[in-house]
Structures are given as structure tokens and as C-alpha cells.
Amino acid sequence: MTADVTLKIIVDALPLPTLIVGADDRVVASNDGATSILGDTMVGRHYIAALRQPGLLEAVEEVRAGKARATALFAGREASKETVYQVHVAPAGQDIFLSFEDQTATEEAGQMRREFVANVSHELRTPLTALLGFIETLMGPARDDPGARDRFLNIMAKEANRMTRLVDDLLSLSRVEEEERVRPREMVDLGELLASVIHGLEPQVKAAGVHVQLQNHGDGQKVPGDHGQLAQVFTNLIENGLKYGGDGEKITVSLDPQTHHARLRGIGIKITVTDEGQGIAPHHIARLTERFYRVDSHRSREIGGTGLGLAIVKHIVSRHRGRLEIKSELGIGTQVAVILPTEAVS
Ligand code: ADP
């Protein structure tokens, strides 16, 4: 067996994408993992041509010059997705071993966390700036103006309420995420749940001058679920109908009998909340469940939206192994359907 064949057998046995640079500075062996990162033409080539990225070349040079080990980051692109590897470079006799540790998921999680913190800070800063502005005015020029004081205090209360809603939604979201892998165990009567949600929303429904109609009561149909979370799903959906619907419109909540749903690959019950509001343009629909995504941020904030309602809905539905479908037509209205499995699925 030649030395190169032996090296190939060794790299094939290793779990990480690995390649070996030989004494003549050419790549002598690589396993499938390394080939899928760097392409299948690198064996036999000089390592400078095969690896290309300056940080990694530097690490190899350091090891060649006698360093016991070195690491470098390697940015790749696989199946049109950006990837990031931490590459461990170490000498093995005259050869140099390079093993690639995939850091993509960690990088992505870090990026998401940074974006999330930036979004939350931005959302909190807007009402805080308003509050500070009014406090300053009340302490200064408007100190002895009772009319202005009342007006400003009203706005301040509105801003403070907005911050409370945001913090409440953030806490709900983190609770829901925490429990996402825990299967709900109670059996929830959907008709009863919807009737109680609609009852709880009566003051807002009256204030909006809207009619909410529950189309049928489901004859005691039950799903395995978390009562509080499912109530939150339908509260958020009906509230959206109220927020983005027109005056005097109707919101219909329908509860279909259980049947086979292809999207669920099983038996489920579909609940649909339909409004006759302004509707949503098609290119927004896929992104509505992202945190803080809004079609019109200004309008959403104005009417007390946090941009988190549908993100919470999506997480709760996914904890229940259900499906969420949003259909909408501009000027006609929006239909949001939740399909929940009637049997616990693994
Ligand atoms: P928000 O707190 O802003 O309402 P959501 O996550 O509940 O946040 O909804 C995200 C965005 O989706 C809203 O800002 C709004 O633009 C749009 N949207 C949600 N439901 C409806 C609806 N029934 N009709 C029209 N637009 C809607």
C-alpha cells in the first residue's frame, strides 16, 4: 500500500472534514467532508491553490515553520448557503492535518441574537424617548399648564402601556420557546375555548364596532393542547382582525369538523379566523411570523401592535405539531387558519 493510500484510509475514518498537506506542500488526501467544502480537484494541488483563503494559508505556514498547532476561520459556500468553519491545523510528521469544524449554526445563532437585541432595544427606545421628552416638558415649560399636563399624561400612559405590552409579549415568546419541545398533555375543547376567547375580547370588539361570529361550537371536539397557549393563539388572531379590519366589519371564527389534512399527514381540526379588513400584499405573507416584521410599522405601533403576535402564534402552533396558513387579498380581507392534530403525534 502506498503512503498516499494509507493517508486516504486515515482521513476517511475521521468524523470531521479533513485534508492532509504532504511534505511537498501538495494536498495528498482528503475525505468526503473536505471535498464537499473545497471541491474535488484539490488532491495533488499546491495547498495555496487549494485553500486560497489568506487566514488559513497563514495558519498552515505557521505550522510548517514549527508551530505545534494553529487555527483559522474559513468562510465557505455550500448549496448557496454561507458556511463558517474553524479549521484546526496540526503537524503529523512531515505532513500537516487540517480538520474543519462547522461553526455555521453557532454563527447564525449569534447573528440572530444580535439582531434580536438590536430590535428589542429599538422598540423600547421609541416609547422611552417619548416619555423622557414629556417628563422634561412637564418639569419645565408645561409645569403650570393643567391642560397640557392632562394631555401629556395621557400620551405618557399610552407609551408606558406600549412598553408593558412589549415586555409581556417578549416574556410570552420566551416561555413558548422554552416549552416548544414539551408535548401538551391536556385535552382542550375547542368550541368552549373559542367561545371564552370571544367573550374575553368583548370590550375591544365593542370599542371597534365589529361583529365577531363563532360559526359553530364543534360539538365538544377536543385536541391535545395547552389551554392557555391555544387561547393566546386565537386571542392574537382575533385581535389582529380587530386591529387591521375596517369599521363595522365582521370577523368570522369557524371550527371545521375533524378530517384528514394533507398538510398534517393526519386527522386534525381546522379553525379559521376571517376578517374583512385591508388585506395583506402577497410578498409580505411569508414573513409575517418573523419577530418584529410588520407591513406598516408606523400603523402597527400606532394601534398598539408589538410585531410579536404572529411569532408567538407560530411557536405555539408548532409546539402543538399543527400548521398555520395565512391567505389574504388586498381590499377583501384575511384568513388565518390553524390546523391542530386531534391525536398526539411524535
Ligand atoms: P402586530 O403586533 O404588529 O399586529 P403581528 O405579529 O400580530 O404584529 O402581525 C404582524 C403584521 O402582520 C402586522 O403588523 C400587520 O401588518 C400584519 N397583519 C397581521 N394580521 C393581519 C390582518 N388580519 N390583516 C391585515 N394585516 C395583518
Side-chain angles (χ1 to χ4, degrees), residues 112 115-116 119-120 122-127 158-177 194 197-198 200-201 204-205 207-215 229-254 270-319 322-338:
M112 271 174 69
E115 272 172 25
F116 184 63
N119 276 328
V120 172
H122 175 76
E123 294 291 333
L124 283 171
R125 193 161 43 208
T126 316
K158 207 172 127 193
E159 295 297 335
N161 281 329
R162 178 135 72 99
M163 287 168 64
T164 309
R165 264 196 312 276
L166 182 64
V167 172
D168 285 347
D169 277 0
L170 285 168
L171 287 174
S172 293
L173 193 58
S174 93
R175 252 196 314 269
V176 173
E177 279 183 335
L194 291 172
V197 165
I198 294 170
L201 285 169
Q204 283 147 274
V205 170
V210 168
H211 180 61
V212 179
Q213 189 187 11
L214 177 57
Q215 272 191 335
Q229 287 190 344
L230 289 179
Q232 186 165 17
V233 164
F234 298 107
T235 304
N236 288 3
L237 295 183
I238 298 170
E239 272 180 350
N240 277 351
L242 295 173
K243 284 192 293 193
Y244 305 104
D247 268 355
E249 67 150 322
K250 196 171 80 195
I251 296 175
T252 314
V253 183
S254 67
K270 183 171 174 175
I271 306 101
T272 314
V273 178
T274 309
D275 66 52
E276 298 168 350
Q278 64 205 39
I280 307 159
H283 63 280
H284 290 298
I285 289 184
R287 301 196 57 191
L288 294 180
T289 56
E290 287 175 22
R291 296 158 185 196
F292 299 115
Y293 188 88
R294 297 150 158 138
V295 173
D296 177 346
S297 305
H298 182 71
R299 179 163 152 71
S300 156
R301 289 204 190 94
E302 210 36 54
I303 51 184
T306 60
L308 294 173
L310 288 177
I312 294 172
V313 165
K314 185 186 102 176
H315 279 287
I316 295 177
V317 171
S318 117
R319 179 185 173 207
R323 297 286 180 272
L324 181 69
E325 285 175 358
I326 305 176
K327 289 184 192 156
S328 189
E329 221 173 307
L330 279 177
I332 306 250
T334 302
Q335 246 192 13
V336 185
V338 175

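Order of listing sets the numbers, starting from 1, for every ligand and every atom in it. Quick note: residue numbers are just sequence positions, from 1. Computed over heavy atoms, backbone and side chain alike; hydrogens, waters and symmetry mates excluded.
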Participant: Kindly write out the residues that satisfy side-chain hydrogen bond (donor to acceptor under 3.5 Å, both in side chains) with T274, not counting sequence neighbours, or none if the list is empty.
Facilitator: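 side-chain hydrogen bond (donor to acceptor under 3.5 Å, both in side chains) list for T274, sorted by chain: empty.
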
Participant: Taking only residues two or more places apart in sequence or in another chain, which ones pass side chain to side chain contact (heavy atoms under 4.5 Å, CB included) with D169?
Facilitator: T306, L308, I312

Participant: Strictly below 4.0 Å, N to O, side chains only: are R299 and E302 in salt-bridge contact?
Facilitator: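 Salt bridge absent between R299 and E302.
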
Participant: Closer than 4.0 angstrom, basic N to acidic O: yes or no for E239 and R165?
Facilitator: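 So E239 does not pair with R165 through a salt bridge.
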
Participant: Is R301 paired with E123 through a side-chain N to carboxylate O contact shorter than 4.0 Å?
Facilitator: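 Looking at E123 and R301, the cut-off is met.
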
Participant: List for me each residue that meets side chain to side chain contact (heavy atoms under 4.5 Å, CB included) alongside I285, sequence neighbours excluded, and say none if there are none.
Facilitator: I280, I326, S328

Participant: Select all protein residues for which some heavy-atom-to-ligand 1 distance is less than 4.0 Å, and list them by chain and number.
Facilitator: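 Ligand 1 pocket, heavy atoms under 4.0 Å: N240, K243, Y244, D275, I280, L288, Y293, R294, V295, S300, G305, T306, G307, L308, G309, L310, T334.
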
